[in-house]
Amino acid sequence: MGKFNRKSTAEEVSAGIDLTGRHAIVTGANTGIGRETARVLSLRGASVTMACRDLEKAEAARDEILAADSRITKDQLEVMRLDLGQLSQVRDFAKAFLETSRPIHLLINNAGVMLPDRRETADGFEAHFGVNHLGHFLLTHLLLERIRASAPARILNVSSDALHFSSLTESLEDLNWTKRKFSGWRSYGDSKLMNVLFTNELTRRLDNDGVVSNALHPGIVKTELGRDQPWWMRAVGLLMLPISKSPEQGAATSVYLATNDELGREGAGYFADCAPGRIHPLSDNAQLANSLWKLSEELVGL
Ligand SMILES: NC(=O)c1ccc[n+]([C@@H]2O[C@H](COP(=O)([O-])OP(=O)(O)OC[C@H]3O[C@@H](n4cnc5c(N)ncnc54)[C@H](OP(=O)(O)O)[C@@H]3O)[C@@H](O)[C@H]2O)c1
């Protein structure tokens, strides 16, 4: 049993850590797990770019964080627009960020959607595939040189135990869900398994250059993730409330992996509750991870 458990909060797991001089980018930081992650990293002294698709929501979140805690200062929290569902906008974000001289010690690919029906991104990709995987895949690539130059650095991919519902096969058939009957759960699970495959392939390619990448399941967390689900799924969510984590607890594994050395030093790990998580049988499949990487490069135009 590790030092922390499913009840631990992001503040508890980072107590005593000083991140002064470190810079983090957190995607989807305006609400839920991402917002708490950004808050606690800045509380520990880091400066944080809150990379969010809706600037108004992001600025409101930043103002609330600042108003609630005088230990966090205005210059620590920056808001920038990032829409992972539009690859040209991901490129615009990266360009604007790279024009600043800021280092990137932590990239936390946290944003995500969980949808009941088939929707498409601006580029025509099924939305789970496009936002949860391809958007973060491109973002990470575009920022990688800066991340390497900032080493020691960490890249975290917020996955989910929903990866166990994945329908992904080694043939990478129909990732866009145009030939099969759509299943929101399976498609969401696919994208979350892709987060893990991406983490593992990235680790293979990082080659000991001071950057480690890990993936994690935050737990079942009370957030806005189910906002698009039908009423009956939200009712199931209500039934889960007694076993659900608060966002403060839900951000703990992200913050732990971002700030501590006890776990995930080698990279390519999958964690939950600040401890090793339940691995999917395909997640160690290096050939699959490599094929997904190559296909993703092609699809995002790298
Ligand atoms: N909550 C859980 O039980 C749970 C369990 C396992 C894994 N996760 C994972 O945890 C991560 C955080 O989710 P959460 O629970 O905190 O959900 P949330 O409260 O719905 O937050 C999701 C965040 O992602 C952002 N986002 C969605 N689409 C985006 C896009 N196209 N471009 C940029 N940002 C986008 C949202 O922005 P807007 O507010 O503007 O839409 C929001 O900031 C997700 O990756 C999710 O899959 C959550």
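Order of listing sets the numbers, starting from 1, for every ligand and every atom in it.
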- Hydrophobic cluster identity match, Ile25 and Leu98, side-chain contacts under 4.5 Å: yes
- Query: Side chain, backbone, both or neither: which part of Arg35 comes within less than 4.0 Å of ligand 1 when only heavy atoms are counted?
  - Reply: neither
- Task: Pick one of side chain, backbone, both or neither for how Lys192 approaches ligand 1, counting any non-hydrogen atom pair under 4.0 Å.
- Result: side chain
- Please report the C-alpha distance between Thr178 and Asn176 in whole Å, then the side-chain angles of each, then the deciding distance to 0.1 Å, and finally whether the side chain to side chain donor-acceptor pair (under 3.5 Å) criterion is met. CA-CA 6 Å; Thr178 53; Asn176 245 342; over 6 Å; no
- Item | Donor-acceptor under 3.5 Å (Arg186 side chain, Phe165 main chain) | yes
- Decide side chain to side chain donor-acceptor pair (under 3.5 Å) for Asn260 and Arg265; before the verdict, give the C-alpha distance in whole Å, the side-chain angles of both, and the deciding distance to 0.1 Å. CA-CA 9 Å; Asn260 281 267; Arg265 257 176 296 175; over 6 Å; no
- Which bit of Lys222 is near ligand 1, meaning a heavy atom under 4.0 Å away: side chain, backbone, both or neither? neither
- Determine yes or no for a side-chain-to-main-chain donor-acceptor pair under 3.5 angstrom, with Asp190 supplying the side chain and Phe129 the backbone. no
- According to the ring-ring contact (aromatic ring centres under 6.0 Å, His included) rule, which pairs have a member within residues 15-53, sequence neighbours left out? His23-Phe97
- Answer yes or no: is there a donor N or O on one side and an acceptor on the other, between the side chain of Arg154 and the main chain of Leu257, under 3.5 Å? yes
- Could you tell me whether some N/O pair between Lys57 and ligand 1 is separated by less than 3.5 angstrom? yes
- Heavy-atom proximity to atom 19 (O) of ligand 1, picking from Met114, Glu224, Glu56, Arg53, points to Glu224
- Going by the 4.0 angstrom heavy-atom rule, the piece of Asn110 near ligand 1 is both
- Note on the structure: Heavy-atom proximity to atom 22 (C) of ligand 1 ranks first, among Pro218, Gly34, Gly112, Cys52, for Gly112
Pairs under 3.5 angstrom only: tabulate donor-acceptor contacts from the side chains of residues 56-67 to other protein residues two or more places apart or in another chain.
| from | atom 1 | to | atom 2 | distance (Å) |
| --- | --- | --- | --- | --- |
| Glu64 | OE1 | Arg35 | NH1 | 3.0 |
| Glu64 | OE1 | Arg35 | NH2 | 3.1 |

- Task: Kindly identify the option in Gly130, Pro247, Ala162, Gly219 whose heavy atom sits closest to atom 5 (C) of ligand 1.
- Result: Gly219
- Consider ligand 1: state whether an atom of it lies below 4.0 angstrom from any non-hydrogen atom of Asn30. yes
- Would one find an N or O of Ile33, backbone or side chain, under 3.5 Å from an N or O of ligand 1? yes
- Query: Does any N/O atom on His217 come nearer than 3.5 Å to any N/O atom on ligand 1?
  - Reply: no
- Task: Determine, using heavy atoms of Lys245 and all atoms of ligand 1, whether some pair is separated by less than 4.0 Å.
- Result: no
- Item | Among Leu163, Leu225, Val113, closest by any non-hydrogen atom to atom 48 (C) of ligand 1 | Leu225
- Relative to each other, are the rings of Phe137 and His141 parallel, tilted or perpendicular (30° and 60° limits)? tilted
- Note on the structure: Logged contact type for Val131 with ligand 1, heavy-atom cut-off 4.0 Å, is side chain
